[in-house]
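Since this is a predicted model, take the numbers as computed values, not measurements.
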Amino acid sequence: SASAEDGAIRSLVGGFDFNRNKFNHVTQAWRQPGSSFKPFIYSAALEKGFTPASVIADEPLTISAGETGSQAWEPKNYDGKFEGPMSLRTALAKSKNMVSIRVLQSIGVHYAQDWITRFGFEADKHPPYLTMALGAGSVTPLQMATAYGVFATGGYRVEPMLVSKVTDSSGRVLIEAKVPELDESLRTLEARNAFVMSSLLQEVTRSGTGAKAIAELERQV
């Protein structure tokens, strides 16, 4: 976990036993983010004119072999159900795959691939295909924490900081990290985009896929 405002890492668990395995899963493990990547596609969509009230079809979709470059693709929703036209807000709350794919199809995969670099993701780890909408690219856990921090800070990207200060045996400070000021030099996302995305993400925890977790944790949204 880390503080979104100053990037200070409060805890980092890279593995079970450093003596057995020195591989740090937080910084070195590349994994598919899955549905947790959808908000970054939706953020790109807001810049392309979509709004939380935009209506998109949650209906079956078939991508031909010619479009995929390999074989035909018939994606499904996680629950296997299609609920017809729905707002962008509802679609994100319910994590609807069909809507996410249609949104990406509308804004263009190359545009989305460029947009996600604003959050610290590497473009070449997210090939420009529609599967990007379902989080088929590769990220590290630390990248994900940094990226979500952009929404939390209102549009500023703050690099994670693991060491705040180093002193010698006498207590003399040798190195001290500078706490970043959230000025426009760190802005990577317009404040309006970050505000709307924060609202959409709150809906996920109120009525969507994250509602049960919030209820169990007894947290306020």
Side-chain angles (χ1 to χ4, degrees), residues 1-15 18 22-48 52 92 107 111-126 132 135 137-205 210 213-214 217 219-221:
S1 64
S3 169
E5 287 73 24
D6 60 15
I9 296 175
R10 294 173 181 165
S11 63
L12 185 155
V13 182
F18 187 73
K22 295 173 176 57
F23 183 80
N24 189 328
H25 290 79
V26 174
T27 59
Q28 297 175 293
W30 293 94
R31 299 287 185 267
Q32 289 187 327
S35 290
S36 64
F37 197 73
K38 289 174 181 174
F40 307 105
I41 302 300
Y42 280 52
S43 171
L46 293 178
E47 287 300 303
K48 280 289 193 177
L92 182 58
I107 66 176
Y111 179 83
Q113 184 188 42
D114 178 66
W115 185 262
I116 62 172
T117 61
R118 291 169 175 259
F119 300 91
F121 297 118
E122 298 172 30
D124 62 353
K125 296 285 189 181
H126 302 270
M132 191 196 311
S138 297
V139 303
T140 66
L142 191 57
Q143 276 188 341
M144 289 298 286
T146 304
Y148 269 96
V150 174
F151 296 139
T153 59
Y156 302 102
R157 191 171 103 207
V158 181
E159 292 303 317
M161 175 176 62
L162 187 59
V163 178
S164 60
K165 184 167 61 176
V166 176
T167 61
D168 62 15
S169 58
S170 302
R172 186 165 56 97
V173 176
L174 302 177
I175 300 173
E176 187 165 13
K178 182 181 178 182
V179 176
E181 293 183 16
L182 297 186
D183 58 29
E184 293 309 296
S185 67
L186 295 178
R187 181 170 293 286
T188 190
L189 189 67
E190 289 296 326
R192 65 180 184 275
N193 190 301
F195 177 83
V196 174
M197 285 307 306
S198 292
S199 173
L200 292 176
L201 288 168
Q202 286 174 344
E203 192 63 40
V204 176
T205 60
I214 292 296
L217 293 171
R219 291 183 181 175
Q220 297 297 315
V221 180

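The shortest non-hydrogen separation linking Gly7 to Val158 is N-CG1, 3.6 Å.
Residues satisfying the side chain to side chain contact (heavy atoms under 4.5 Å, CB included) criterion with Glu122, sequence neighbours excluded, are Trp30, Asp124, Lys125, Gln143. For the ring-ring contact (aromatic ring centres under 6.0 Å, His included) test, no residue two or more places apart in sequence or in another chain qualifies with Phe195. Checked against side-chain hydrogen bond (donor to acceptor under 3.5 Å, both in side chains), Tyr156 has the following partners two or more places apart in sequence or in another chain: Glu184, Arg187. Remark: Ser198 pairs with Phe151 by the side chain to side chain contact (heavy atoms under 4.5 Å, CB included) rule, at least two apart or across chains. For Leu162, the side chain to side chain contact (heavy atoms under 4.5 Å, CB included) partners two or more places apart in sequence, or in a different chain, are Ile9, Leu12. Listed by chain and number, the residues in a side chain to side chain contact (heavy atoms under 4.5 Å, CB included) with Val179 are Asp6 (sequence neighbours excluded). With sequence neighbours left out, Tyr148 forms a ring-ring contact (aromatic ring centres under 6.0 Å, His included) with Phe40. Ser185 is linked by a side-chain hydrogen bond (donor to acceptor under 3.5 Å, both in side chains) to Asp183, counting only residues two or more places apart in sequence or in another chain.
Arg118 is not listed as a side-chain neighbour of Val150, based on a closest heavy-atom distance of 4.5 Å or more. With a 4.5 Å cut-off on side-chain heavy atoms, Ile107 and Tyr42 do not count as touching. Side-chain contact between Leu200 and Pro39 is absent, with no heavy-atom pair separated by less than 4.5 Å.
Listed by first and then second residue, the salt bridge (charged side-chain N to carboxylate O under 4.0 Å, His left out) pairs involving residues 32-47 are Glu47-Arg192 (not counting sequence neighbours). Screening residues 140-164 for salt bridge (charged side-chain N to carboxylate O under 4.0 Å, His left out) gives Arg157-Glu159 as the qualifying pairs, with residues at least two apart or on separate chains.
Phe121 and His126 have perpendicular rings, their planes meeting at more than 60° on a 0 to 90° scale where under 30° would count as parallel.
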Test log, rule side-chain contact (heavy atoms from CB on, under 4.5 Å), inputs Met132 and Phe37:
CA-CA 8 Å; Met132 191 196 311; Phe37 197 73; 4.0 Å; yes
